Amino acid sequence: MATERRQNSLLSNALPLDFFQDDVLRVAPLLLGKYLVRKLSNGAIKRSKIIEVEAYRGEEDLACHASKGKTKRTEVMYWQGGHIYVYFIYGMYYMLNIVTGKEHCPQAILIRSTEEVKGPGRLTKFYEIDKTFNGKVLSPENGLWIENNLEKVEYYTTPRIGVEYAKEWKLKPWRYVAKNYW
DNA sequence: GCGTCGATCTAC
DNA sequence: TAGATCGACGCG
């Protein structure tokens, strides 16, 4: 099983889970330009460069769901980096996040856009990602992973979108946007 | 149990 | 700029 996973990872060039087990502010910009890959149950593969992400960091960050502490919904954020955190919002959209950091340190990266699809709600719809991915790890056998890309990507930062309620935390420049893809 | 509101998107 | 639409959360 572990061998099979390693082989799959090599074949697919998937990023290993320990890539995500570092501070979210270091990992988030590194995801820009890398490939989000989704293998559907019918075998079809969708693969596109990530061009926009946001970092959510710890219980102190009022924009982060973990600011409410560990609950049924936020539990996955406390797991170690490489897990998938998907939640439902506005009664109709799923948001795709990648957990980062070590166990017990709630952090995650919201994947907002790829070259193909702009916007986090439209993204999960396009890649057919829903609640069933919540708590799984990024891997080819789970049908969702991220592939490396050595290309260097230029980016800029801005405050995060849609977190007006987060007091001084709304100003943190934790949205990362790749240049030259818009 | 009930009211509020959200890491969004679309159409008017 | 409002409406869709529902689960998580806080309050009691």
Side-chain angles (χ1 to χ4, degrees), chain A residues 20-36 38 46 48-102 104-138 144-146 153 155-179 181-182:
Chain A
F20 302 95
Q21 290 155 14
D22 195 357
D23 190 272
V24 69
L25 298 183
R26 270 197 290 278
V27 182
L30 295 180
L31 288 187
L32 297 174
K34 293 190 167 44
Y35 292 96
L36 178 69
R38 171 79 171 100
K46 296 186 173 183
S48 183
K49 286 181 190 173
I50 295 167
I51 62 171
E52 181 190 8
V53 300
E54 283 177 358
Y56 291 84
R57 188 172 186 269
E59 294 185 342
E60 327 79 63
D61 177 6
L62 292 182
C64 180
H65 289 165
S67 63
K68 310 262 195 230
K70 190 188 282 190
T71 66
K72 193 167 188 176
R73 179 171 69 153
T74 65
E75 185 186 5
V76 175
M77 293 189 81
Y78 288 78
W79 298 359
Q80 66 176 0
H83 282 92
I84 299 165
Y85 170 44
V86 174
Y87 65 89
F88 186 62
I89 194 162
Y90 298 122
M92 58 185 87
Y93 299 110
Y94 292 101
M95 299 286 107
L96 170 64
N97 299 256
I98 311 305
V99 175
T100 60
K102 300 182 188 309
H104 307 308
C105 300
Q107 312 184 328
I109 299 168
L110 171 66
I111 308 296
R112 292 187 59 90
S113 301
T114 63
E115 278 187 284
E116 278 180 308
V117 196
K118 315 283 194 284
R122 300 181 62 219
L123 186 148
T124 52
K125 190 172 181 183
F126 181 80
Y127 293 103
E128 300 182 33
I129 294 166
D130 61 20
K131 264 291 208 203
T132 63
F133 284 90
N134 191 49
K136 292 184 176 176
V137 294
L138 287 171
L144 183 63
W145 68 99
I146 294 176
V153 175
Y155 67 88
Y156 59 91
T157 62
T158 80
R160 295 167 291 184
I161 305 295
V163 295
E164 296 306 307
Y165 58 87
K167 302 193 176 168
E168 71 268 26
W169 294 90
K170 77 181 181 191
L171 298 174
K172 296 285 183 184
W174 291 352
R175 171 173 175 250
Y176 302 84
V177 185
K179 296 180 181 175
Y181 288 101
W182 302 78

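Letters A, B, ... are given to chains in the order of the sequence lines, protein chains preceding strands, and every chain is numbered from 1. Since we're looking at a predicted model, the values are computed, not measured. Heavy atoms only: backbone and side chains are in, while hydrogens, waters and symmetry mates are out.
The aromatic ring of A:Phe88 is not stacked on the base of C:dG7, since the criterion of ring centres less than 5.5 Å apart with planes inclined by under 30° is not met.
Closest non-hydrogen pair, A:Thr114 versus A:Leu36, comes out as CG2-CD2, 4.0 Å. Smallest separation of non-hydrogen atoms from A:Ala28 and A:Ala55: CB-CB, 4.2 Å. Between A:Thr74 and A:Gly69 the shortest heavy-atom distance is OG1-O, 2.8 Å. In terms of heavy-atom proximity, A:Tyr87 sits nearest to A:Lys131 at CA-NZ, 4.1 Å.
The CG-C1' distance, from A:Leu62 to B:dG6, rounds to 15 Å in whole Å. Atom P of nucleotide B:dG6 and atom CD1 of A:Ile161 are separated by 15 Å, given to the nearest angstrom. Summarising the geometry, the separation between CD1 on A:Ile89 and P on B:dT4 is reported as 18 Å, rounded to the nearest angstrom. With rounding to whole Å, A:Tyr94 atom OH is found 16 Å from B:dT8 atom P. Here the P atom of nucleotide C:dC6 and the CG atom of A:Asp130 are 15 Å apart, to the nearest Å. Taking atom CH2 of residue A:Trp169 and atom C1' of nucleotide B:dA7, one finds them 16 Å apart after rounding to whole Å. Atom CD in A:Glu52 sits roughly 15 Å away from atom P in B:dA7 (whole-Å rounding). If you measure from atom NZ of A:Lys125 to atom P of C:dA4, you get 17 Å, rounded to the nearest angstrom.
Side-chain nitrogen and oxygen atoms of A:Tyr165 include at least one within less than 4.0 Å of the OP1 or OP2 phosphate oxygen of B:dA7. Taking 4.0 angstrom as the limit, A:Arg175 places none of its side-chain polar atoms (N or O) nearer than this to OP1 or OP2 of B:dA7.
At a threshold of 4.5 Å between non-hydrogen side-chain atoms, the residues A:Ser48 and A:Tyr127 count as touching. Within the 4.5 Å cutoff, the side chain of A:Val163 has heavy atoms near those of the A:Tyr56 side chain.
Among the heavy atoms of the strands lying under 4.0 Å from A:Gly91 is at least one base atom, whether or not backbone atoms are also near. Within the nucleic acid shown, A:Met92 comes within 4.0 Å of at least one base atom, counting heavy atoms only. Residue contacts for A:Tyr90: at a heavy-atom cut-off of 4.0 Å it reaches a base atom on one of the strands shown.
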Please list each protein N or O that sits under 3.5 Å from an N or O in nucleotides 9-12 of chain C, with the distance.
| unit_1 | atom_1 | unit_2 | atom_2 | d |
| --- | --- | --- | --- | --- |
| C:dC9 | OP1 | A:Thr71 | OG1 | 2.4 |
| C:dC9 | OP2 | A:Thr71 | OG1 | 3.4 |

Protein-nucleic acid N or O pairs under 3.5 Å, nucleotides 10-12 of chain B:
| unit_1 | atom_1 | unit_2 | atom_2 | d |
| --- | --- | --- | --- | --- |
| B:dT10 | OP1 | A:Arg122 | NE | 3.3 |

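The number of heavy atoms from other shown groups lying within 6.0 Å of NZ (A:Lys136) is above 12. In this structure, A:Lys102 places its NZ atom where only 12 or fewer heavy-atom neighbours from other residues, nucleotides or ligands lie under 6.0 Å away.
Each of A:Arg160, A:Lys170, A:Lys167 was checked for a salt bridge (Lys or Arg N to Asp or Glu O under 4.0 Å) with A:Asp61, and the lone residue meeting it is A:Arg160.
Between the side chain of A:Tyr87 and the base of C:dA8, no donor-acceptor pair of N or O atoms lies under 3.5 Å.
For DNA chain B, the stems formed by at least three consecutive Watson-Crick or G-U pairs, with both atom-pair distances below 3.5 Å, span B:1-6 with C:6-11, B:8-11 with C:1-4.
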Candidate pair A:Lys125 and A:Tyr93, rule side chain to side chain contact (heavy atoms under 4.5 Å, CB included), full reasoning: CA-CA 8 Å; A:Lys125 190 172 181 183; A:Tyr93 299 110; 5.9 Å; no
Residue pair A:Arg38, A:Glu128: steps toward the salt bridge (charged side-chain N to carboxylate O under 4.0 Å, His left out) verdict: CA-CA 8 Å; A:Arg38 171 79 171 100; A:Glu128 300 182 33; 5.1 Å; no
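A tilted orientation is assigned to the rings of A:Phe88 and A:Tyr94, their planes being inclined by 30° to 60°.
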